[in-house]
*Asks:* 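What follows is a structure written as structure tokens; I'll ask about it next.
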Amino acid sequence: PGEIYHALSQKEAKDSDVQPTGAQQAEAFVRAFLKRSTPRMNPKAREDQLQRKAVILEYFIRHKRKEKKKKKAKGLSARQRRELRLFDIKPEQQRYSLFLPLHELWKQYIRDLCNGLKPDTQPQMIQAKLLKADLHGAIISVTKSKCPSYVGITGILLQETKHIFKIITKEDCLKVIPKLNSVFTVEIDGFISYIYGSKFQLRSSERSAKKFKAKGTIDL
């Protein structure tokens with residue numbers, strides 16, 4: 001019987017111009033790749049370069065699409081907060097007894113801040129800590145003021161702004177006291193510290209970086 005197939009050697013395949021399908025695809029891919037990578041060279045120059053030395057292939061940078069930055073949601077302005085009355089204390093909430101737990105928390109906060117308030121603790125150290133501490137919850141008193149009607153007012157500090165203290169008295173009255181031209185005292189565990197309001201016109205968040213003089217002054 002005749003042969004069903006005849007295997008060709010590499011030499012016979014070359015002489016007969018016969019190539020496997022896979023080899024043809026590989027050759028076509030390489031030629032297309034070289035043409036795309038060296039677009040400025042003609043076929044003869046490209047062949048010459050490949051015979052003699054390595055060729056630096058060109059490449060194209062794909063520019064990424066710039067994504068639009070998401071706009072950060074803006075918070076309410078100070079004016080909008082005032083108009084919405086967000087920080088107003090409602091009349092039914094203006095009760096001294098409601099804020100006694102806040103005062104107890106504040107006392108523990110100051111004790112921790114001063115590493116315990118012992119009888120031999122230096123008053124100057126407590127004074128320095130209080131001037132930079134958050135005073136919300138402290139019991140403060142007005143001891144001197146250019147306005148005599150403020151003197152003697154005592155209560156728990158509920159709100160502090162750059163220029164005022166808002167305190168609730170034992171009589172359940174909400175008082176707004178300007179810092180300017182007033183001297184306040186803060187008492188805790190028998191230690192009394194003085195706050196000179198004219199030198200204290202800062203927001204509570206700004207005081208940590210402020211340097212205070214050992215003694216303030218006030219024109220009365």
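What you see below is based on every heavy atom in this structure, not just the backbone, and it leaves out hydrogens, waters and symmetry mates.
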*Asks:* Between Ser198 and Asn181, which heavy-atom pair has the shortest distance, and what is it?
*Replies:* OG-N, 2.9 Å
*Asks:* Has Lys144 got a side-chain atom pairing as donor or acceptor with Val183's backbone, closer than 3.5 angstrom?
*Replies:* no
*Asks:* Calculate, to the nearest 0.5 Å, the distance between atoms CG and NZ belonging to Leu202 and Lys162 respectively.
*Replies:* 7.0 Å
*Asks:* Kindly determine whether Glu160 and Phe200 satisfy side chain to side chain contact (heavy atoms under 4.5 Å, CB included), including the steps that lead there.
*Replies:* CA-CA 11 Å; Glu160 177 187 0; Phe200 208 69; 3.9 Å; yes
*Asks:* Out of curiosity, does Val142 fall in the hydrophobic cluster containing Ile156 (side-chain heavy atoms, cut-off under 4.5 Å, transitive links)?
*Replies:* no
*Asks:* I'd like to check the side-chain contact (heavy atoms from CB on, under 4.5 Å) partners of Ile164; sequence neighbours left out, ordered by chain and number.
*Replies:* Thr161, Lys166, Val176
*Asks:* Scan residues 144-186 for pairs that pass ring pair (Phe, Tyr, Trp, His ring centres under 6.0 Å), counting only residues two or more places apart or in two chains.
*Replies:* Phe165-Phe184
*Asks:* If you take all heavy atoms of Asp189 and Leu117, which pair is closest and at what distance?
*Replies:* OD2-CD1, 3.6 Å
*Asks:* Does any N or O in the side chain of Gln94 come within less than 3.5 Å of the main-chain N or O of Ile168, such that one atom is a donor and the other an acceptor?
*Replies:* no
*Asks:* Side-chain heavy atoms under 4.5 angstrom apart, residues restricted to Ile, Leu, Val, Met, Phe, Trp, Tyr: same cluster for Ile140 and Tyr109?
*Replies:* yes
*Asks:* Could you check whether any side-chain N or O of Thr169 sits under 3.5 Å from a backbone N or O of Gly155, counting only pairs where one atom can act as donor and the other as acceptor?
*Replies:* no
*Asks:* Ile177 and Tyr96: same hydrophobic cluster, using ILVMFWY side-chain contacts below 4.5 Å?
*Replies:* no
*Asks:* Indicate yes or no for a side-chain donor-acceptor contact from Trp106 to the backbone of Asp134 under 3.5 Å, with no hydrogens or angles considered.
*Replies:* yes
*Asks:* Of all heavy-atom pairs between Gly137 and Leu102, which one has the smallest distance, and what is that distance?
*Replies:* CA-CG, 3.7 Å
*Asks:* Count the heavy atoms belonging to other residues, nucleotides or ligands that lie under 6.0 Å from CZ of Arg111, then report whether that count exceeds 12.
*Replies:* yes
*Asks:* Do you know the tightest heavy-atom contact between Ile89 and Gln93?
*Replies:* CG2-CB, 4.0 Å
*Asks:* Which atom names give the shortest non-hydrogen contact between Leu180 and Gln201, and what distance separates them?
*Replies:* CD1-NE2, 3.7 Å
*Asks:* Using modelled atom types and a 3.5 Å cut-off, is there a donor and acceptor pairing between side-chain atoms of His103 and backbone atoms of Ala138?
*Replies:* no
*Asks:* Would a single hydrophobic cluster contain both Leu135 and Leu174, if residues Ile, Leu, Val, Met, Phe, Trp and Tyr are joined by side-chain heavy-atom contacts under 4.5 Å?
*Replies:* no
*Asks:* Mind checking side-chain contact (heavy atoms from CB on, under 4.5 Å) for Thr185 and listing every partner two or more places apart, or none if nothing turns up?
*Replies:* Ser141, Thr143, Ile192, Tyr194
*Asks:* To the nearest 0.5 Å, what is the distance between CZ on Arg95 and SG on Cys173?
*Replies:* 14.0 Å
*Asks:* Return the minimal non-hydrogen interatomic distance between Lys175 and Ile153, and the atom names on each side.
*Replies:* CG-CG2, 4.1 Å
*Asks:* In the single-linkage hydrophobic clustering (I, L, V, M, F, W, Y; side-chain heavy atoms under 4.5 Å), do Ile139 and Phe99 co-cluster?
*Replies:* yes
*Asks:* Could you go step by step and tell me if Leu113 and Leu130 meet the side chain to side chain contact (heavy atoms under 4.5 Å, CB included) rule?
*Replies:* CA-CA 9 Å; Leu113 188 66; Leu130 281 174; over 6 Å; no
